[in-house]
Amino acid sequence: MEWQPEIPRWRQVYALLEERIDSGVYQPGERLPSALAIVEETGISPVTARRVLKELREAGLAYMEPGIGTFVARLPDRPQA
């Protein structure tokens with residue numbers, strides 16, 4: 001991943017996962033990568049990876065099943081242009 005120094009890394013990884021959700025790479029109900037998988041893909045710290053997942057949950061884009069993982073929330077239908 002190519003980092004933009006003026007934007008916090010957690011924000012950049014959040015934007016990456018948000019884009020993958022919006023584009024359908026991750027479907028509603030599908031498990032998102034674990035914090036460890038995010039660390040391996042991006043090189044961020046485990047604490048930062050957990051923050052990204054927490055922020056996705058707080059934004060309503062994901063939900064957690066304790067002991068299982070974090071999943072894409074069912075998103076409301078978006079109006080088509």
Can you tell me if Q4 uses its side chain to pair, donor with acceptor, with the backbone of Q12 under 3.5 Å?
no
Apply salt bridge (Lys or Arg N to Asp or Glu O under 4.0 Å) to R20 and list each qualifying residue two or more places apart in sequence or on a separate chain.
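E41.
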Looking only at heavy atoms, what is the nearest atom pair of A73 and P28, with distance?
O-CB, 3.7 Å
Kindly give the cluster partners of I68, where membership spreads through any ILVMFWY side chain lying under 4.5 Å from a current member.
Y63, F71
Hey, does W3 have a side-chain heavy atom less than 4.5 Å from the side chain of I44?
yes
For the residue pair L32 and I38, establish whether any side-chain heavy-atom pair is separated by less than 4.5 Å.
no
Those residues that, when tested against T70, pass side-chain hydrogen bond (donor to acceptor under 3.5 Å, both in side chains) (two or more places apart)
none
E6: partners by side-chain hydrogen bond (donor to acceptor under 3.5 Å, both in side chains), with sequence neighbours left out
none
From the list E55, R51, R57, side chain to side chain contact (heavy atoms under 4.5 Å, CB included) with L53 holds only for R57
Results of side chain to side chain contact (heavy atoms under 4.5 Å, CB included) for E18 - residues two or more places apart only
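Expected list: Y14, D22, L61.
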Following the transitive rule for hydrophobic clusters with a side-chain heavy-atom cut-off under 4.5 Å over Ile, Leu, Val, Met, Phe, Trp and Tyr, establish whether V39 and V52 coincide in one cluster.
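No, V39 does not connect to V52 through the hydrophobic network.
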Show every side-chain hydrogen bond (donor to acceptor under 3.5 Å, both in side chains) that has at least one partner inside residues 29-39, sequence neighbours left out.
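Qualifying pairs, neighbours excluded: none.
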